[in-house]
Amino acid sequence: MEKNNDYIIQLQGLVKKYGDKTVVKGINLNIKEGEFVTFLGPSGCGKTTTLRMIAGFELPTEGKVLFDGKDIAGLPPYKRPVNTVFQKYALFPHLNVFNNIAFGLKLKKIKVDFVKKNGEKAVKMVKLKDFLVDPASGKPDFSIANGDYYSYVDKGYIKLRKIKKTVDKMTKKGKVKKVVNGYKYYIDEKVRRALKIVGLSDYETRNVDSLSGGQQQRVAIARAIVNEPKVLLLDEPLGALDLKMRQEMQLELKEMHRTLGITFIYVTHDQEEALTMSDTVVVMKDGEICQEGTPIDIYNEPKTAYVADFIGESNILDGVMIDDYRVNIVGAEFACVDSGFGQNAPVDTVIRPEDIEIKKVGKGQLEGVIKSSMFRGVHYEMLCDCNGYEFTIHSTVESPVGSKVGLYVAPENIQIMTKEHIDNTVEVTFTSNTTFDLYGGEYEFDPTALFEDCSYDADQDVLTIAGGEYTLKGEKAKVNFAFTDIDMTDDEYAAPLAGNVDSMIYKGKNYIVDIKTDDNHHVYADTQYLWDKGDRVGIKIYKFGLVECQLIGKKEDGNV
Amino acid sequence: MFKKFLALPYALFMLLFVLLPLVLILVFAFIDATDGSFDLVANFQELAKENALGKVIKNSIIAGFSTGALCLIIGYPIAYFLTKKEFNKKGVMIGLFLAPMWVNFLLRMMATKAVFNVLGIKLGMGAVIFGLTYEFLPFMIMPLYNTLLKIDKSFIEGAGDLGATPTKAFWKVTVPLSMPGVLSGLTMVLIPSVTTFAVTEIMSNGKMMLLGDFIYSLKADSLNMAAAISFVLLLFMIASMLISNKYDKDDGKGGKLW
């Protein structure tokens, strides 16, 4: 087992399945002590489930959660040295602010070494609220009562209320130093300090229901940090707050992270929140990590079109790498800083709207017409039509709508990435000579188009392919179909296969839509129309190509 | 304007069958049976002279509180486990537990008595308490089940996260949050169980009386005394409602029955 003390939390091959649905698909992640890590992704991407596995509310189906090198995946939540701030706060409605925050402290037990009256050494687990503390050192002090206190401990009389009177008496007689009881010292002090950190001093006796959302969230944070966890887990803690409050809390959380110095693991679907606060952003999709890195890396160098689309605004366009350092985007050639893709390789390119400079016609790499302009506070957001593709441009100088402009993008501002998918490649099972099963939908195809040198016999139950005779039923093959050979339809029953729109990326002119079938397969389609996430669509496919097929089912005589 | 008239039948019903009887109880309670004059204390003085009453009240208190306690002790764990999905798939179990409510309670009591006789169990206070518990258990389970069901799972998770073992979390979070249900349940069991009649008669072979039976036995010869004792019971009922309402704020966090 790899043990690295730099990492406080290590996730190794973490998998979570609910029934046959895999929500988290093998996550590997190392989190350094004191880091602010954010899991970022749309709802249903597995980020909360991952967090809940760290907290212990969910047990991983496979994989390990290492805390300081030790596997804690099987430990129940109450044994884990982490605390959680819940999305809906989960403040106990029957307790006031003080008691909510003190909840964890009152349960906390610490190991105390003490010497019994007879000189024997002993160890006892003592609740924080059940012992005395020397106010000078702030440490629990078991020597203060010259044996009197020991006897109480021996008898098990360590309940505060019972010993308090005795201690008061002894203090008066001068037998013991002035002491503060552990309850007062540890719990009072700590709760007060936590309330101060979250800016809610003097709210101790308030009922939690009488607090605003923001205040409740602060109490929830105080309730977690008062236990001094090594790792604080935050599950969309600002999700329920309004914008202004959210921005304020972002800054405060960041400040808290700095002063407390503990590790924060934060879950959000808000990319701005993630970029603002984190040291490391982990972008997730479909139970997998798409990219992890600093906010600057993630923003400037997104690894996939998905990440680029999710983080910030961007123009994502199809491109072709003409050669190293030369890329063709929407028919114009741009210089870039990337190499190693090969010649004429299809790529995805990302250009941030603020990286496009508007020049005079002829001075840029690309010409276009400004279609619309909107004032957005600091900048104007303009849409520019170039060769039928739409570019979003942010600029502090407005170009009038309808004017012809030249566009220039500096080489380092063009981010180039390999296409995740060039086409759909699927393994199919033939159900007859003209149909096959694709992800559970039965599609018709033309065998003469799919196989080379292929012909039918009269009643279509035998195919002649390259001189051999075959019946295809039961055979398997790998076929592919282009994004553009798919039609999406509103009526799911009008197509052999249906699915839900999982995500889509605008490519300046068309959308690349990711359709998730009911069996969690992905089909990618190119469409002119804007669909919504979650839309139920039927998938029609017009044309297939053959990738790979080994035919063994030769027709035997007499076999019908 | 029209919508107001829709409430008319309801108002009329309430007036005739709820308000009027209550007013009649009040009126009868303060009318001297001998001369028909208004008298604040006459009926109550008469009641105090009734020898049987002391024993009836004592029995009622014992039976009422024992029934309440038993219903709570038996009903709470049942309600708690019924809220767990693994025990109560598709709400079948809760249906089974509430099913006795569909059978007429007289039939149930007769049957219980027959069973007791076969088993040779002596009828009396014990049997009465058994009968009352059997009779009123569903009324305890219902509000408890509703309250427990509405307790957000995140409270329990939160407690666990803060270091509470499942047992600790149960006592420190689930139990306090289910108090409205406990109070509702007790109101549904306590007063009705002491004012019910027939159960005692059947389960004690007519040897024991609770307040309900007492009122029933009075009604023929002294309507006024019956009204007086009903009036006292009414006060108790109102008091118990007020107490339970005080703790039963509808804050959306825990459930309640009404």
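In what follows, every chain begins at residue 1, and chains take the letters A, B, ... in the order their sequences are listed.
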Note to self: Just to be sure I understand the criterion: a residue of residues 44-53 of chain A counts if one of its heavy atoms is under 4.5 Å from a heavy atom of chain B. Which ones qualify?
What the structure shows: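 If one takes a 4.5 Å heavy-atom cut-off, the residues of residues 44-53 of chain A near chain B are A:Arg52.
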Notebook entry, point to check: Looking only at heavy atoms, which of residues 221-238 of chain A get nearer than 4.5 Å to chain B?
Noted result: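 Residues A:Arg223, A:Asn227 are the ones that qualify, each having a heavy atom under 4.5 Å from chain B.
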So does [X] have more than 12 non-hydrogen atoms from other groups sitting under 6.0 Å from [atom1]?
{"X": "A:Tyr18", "atom1": "OH", "answer": "yes"}
{"X": "B:Phe65", "atom1": "CZ", "answer": "no"}
{"X": "B:Asn104", "atom1": "CG", "answer": "yes"}

Pairwise side-chain contact, [X] with [Y], heavy-atom cut-off 4.5 Å (strictly under):
{"X": "A:Leu95", "Y": "B:Lys172", "result": "no"}
{"X": "A:Phe92", "Y": "B:Leu162", "result": "yes"}
{"X": "B:Phe155", "Y": "A:Pro93", "result": "yes"}

Item checked: Spacing of OG1 belonging to B:Thr167 relative to OH belonging to A:Tyr78, to within rounding of 0.5 Å ->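 Here the interatomic distance stands at 7.5 Å.
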Notebook entry, point to check: How far does CD1 of B:Ile156 sit from CZ of A:Phe57, to the nearest 0.5 angstrom?
Noted result: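 Those atoms lie 11.0 Å apart.
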Item checked: Backbone N/O of B:Asp161 and side chain of A:Asn83: donor-acceptor pair under 3.5 Å ->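 Yes: the side chain of A:Asn83 pairs with the backbone of B:Asp161.
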Margin query: If you count heavy-atom pairs within less than 4.5 Å of chain A, which of B:Pro166, B:Gly160, B:Ser154 leads?
Written below: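 Heavy-atom pair counts peak at B:Gly160.
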Item checked: All pairs passing salt bridge (Lys or Arg N to Asp or Glu O under 4.0 Å) where residues 57-73 of chain B contributes a residue, at least two apart ->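 Matches after skipping sequence neighbours: none remain.
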Next item on the list: Check B:Leu177 against A:His94 and note the closest heavy-atom contact, atom names and distance.
Entry: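 Minimum heavy-atom separation between B:Leu177 and A:His94: CD2-ND1, 3.5 Å.
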Next item on the list: Could you tell me which non-hydrogen atom of B:Gly158 sits nearest to which non-hydrogen atom of A:Phe86, and how far apart they are?
Entry: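 Reported closest heavy-atom pair: CA-CE1, 3.5 Å.
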Next item on the list: For A:Thr263, check side-chain hydrogen bond (donor to acceptor under 3.5 Å, both in side chains) against everything at least two apart and list the hits.
Entry: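 Testing A:Thr263 for side-chain hydrogen bond (donor to acceptor under 3.5 Å, both in side chains), a comparison that skips the adjacent residues, returns none.
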Margin query: Can you tell me which portion of B:Ala159 sits under 4.5 Å from chain A's heavy atoms? Options are side chain, backbone, both or neither.
Written below: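 Both backbone and side chain.
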Notebook entry, point to check: Between A:Lys79 and chain B, which part of the residue has a heavy atom less than 4.5 Å away: side chain, backbone, both or neither?
Noted result: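 When you check distances to chain B, no heavy atom of A:Lys79 falls under 4.5 Å.
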